[in-house]
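Okay, structure first, notes after.
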Number of protein chains: 2
Amino acid sequence: MHRKTAEFSRFIAGKGLKSTRQRTAVAEVFFSTRGHISAEDLYLKVSGLHPGIGLTTVYRTLRLLTEAGLAKEHRFGESQGVFEKEDNARHHDHLICTRCGRIIEFKEPSIEKMQEAVAEKYGFVVEDHKLELYGLCRSCRTA
Amino acid sequence: MHRKTAEFSRFIAGKGLKSTRQRTAVAEVFFSTRGHISAEDLYLKVSGLHPGIGLTTVYRTLRLLTEAGLAKEHRFGESQGVFEKEDNARHHDHLICTRCGRIIEFKEPSIEKMQEAVAEKYGFVVEDHKLELYGLCRSCRTA
DNA sequence: TTATCTGCAAACCCTTTGCATTTAA
DNA sequence: TTAAATGCAAAGGGTTTGCAGATAA
């Protein structure tokens, strides 16, 4: 079993939910998938190994994985949503005070989603990004 | 008539299409709207002035406006699409291909709005920003 | 005149929900 | 034992499409 599937099981248990055959199957296949995958494609992959599983269950499990912070949903363009593994040791961006030099680290998944959508519009696949916001922090502003 | 509505009419004519009452009405209301507006809200606004217009026509006109480069559609989060005027003389950010070095300029008002929201969360007021997206462009990806 | 438009209703597509049944704990 | 999960079918919600009648050029 994938390390992340085990982590998912712990998350499930922690919420007082049940660890089912289907959830484990979906997680296992999801974590062995590289890049993005749609709910439907994941459903097809899992179906190959565990016939009879429902597309609905795949959707529900993907939602749980997302809540667990193990998956991330993207909506590129106008098409169907796709999911990818969420890596928690992630990039962060910076807020920089132009007066006192104070630096605050932050991350904003919603901004990153948009960055990817922009990139997609131009045919790009984002590998990395740099976002720096320059301005005045509260104390410099009120001082 | 709005300067941009006139520009839209020229675009329409250039494509051998017809300048109709409805298209002009939608464009006129759209260009007098600040910020983002959904197809449905635009439909409601136009309906007030031109009863009987169809939501379908609003969608079709918004598509034409977008093709003309006069409108821009955004899909924030998972919700319905919204449109805004496309302004060609603004700050832009960069998309950089890490393989061929190709650089594309883009601007994304929605990202800037979110940047300000994030900054505000930390007590900052944004004066400037730098956003660089690094990745692979279409040709480098498919090559 | 005639190709394009319009508005309505129906279709679409992806995703979620309702519900009766099954299952993990 | 029993609260939670499953799978099916049906509903949702925003957007698009088919079509017959209307209209701009």
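Throughout, protein chains are lettered first and strands after them, A, B, ... in sequence-line order, and every chain is numbered starting at 1.
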Checklist entry - Honestly curious: do A/M1 and A/V29 fall in one hydrophobic cluster under the side-chain, below-4.5 Å linking rule? => result no
Checklist outcome for this item: Atom OH of A/Y59 and atom P of C/dC13 are separated, to the nearest Å, by 13 Å
Checklist outcome for this item: Here the distance between atom C1' of C/dT15 and atom CZ of A/R63, to the nearest Å, is 9 Å
Checklist entry - Thinking salt bridges, do B/K113 and B/E108 make one under a 4.0 Å N-O criterion? => result no
Next on the checklist: If you count heavy atoms of other groups shown closer than 6.0 angstrom to CD of A/E67, is the number above 12?
Outcome noted: yes
Checklist entry - With a cut-off of 6.0 Å (strictly less than), are more than 12 heavy atoms of other residues, nucleotides or ligands near CZ of A/R138? => result no
Checklist entry - For B/G123, does its backbone N or O pair with a side-chain atom of A/R141 as donor and acceptor, under 3.5 Å? => result yes
Checklist entry - Under 3.5 Å, is there a donor-acceptor pair between the B/Y134 and B/E132 side chains? => result yes
Next on the checklist: So if I define the base as every atom that isn't primed, P, OP1 or OP2, how would nucleotides 2-10 of chain C read as a B/S/- string at a heavy-atom cutoff under 4.0 Å?
Outcome noted: -BBSBBBB-
Checklist entry - Counting any heavy atom closer than 4.0 Å, what does A/S38 reach on the DNA or RNA strands: base, sugar-phosphate only, or nothing? => result nothing
Checklist outcome for this item: The complete set of side chain to side chain donor-acceptor pair (under 3.5 Å) pairs with one or both residues in residues 39-59 of chain A, sequence neighbours excluded, reads A/T33-A/K45, A/S38-A/D41
Next on the checklist: Between the opening five pairs and the closing five pairs of the helix from C/dT1-D/dA25 to C/dA25-D/dT1, how far apart are the helix axes, to 10°?
Outcome noted: 30°
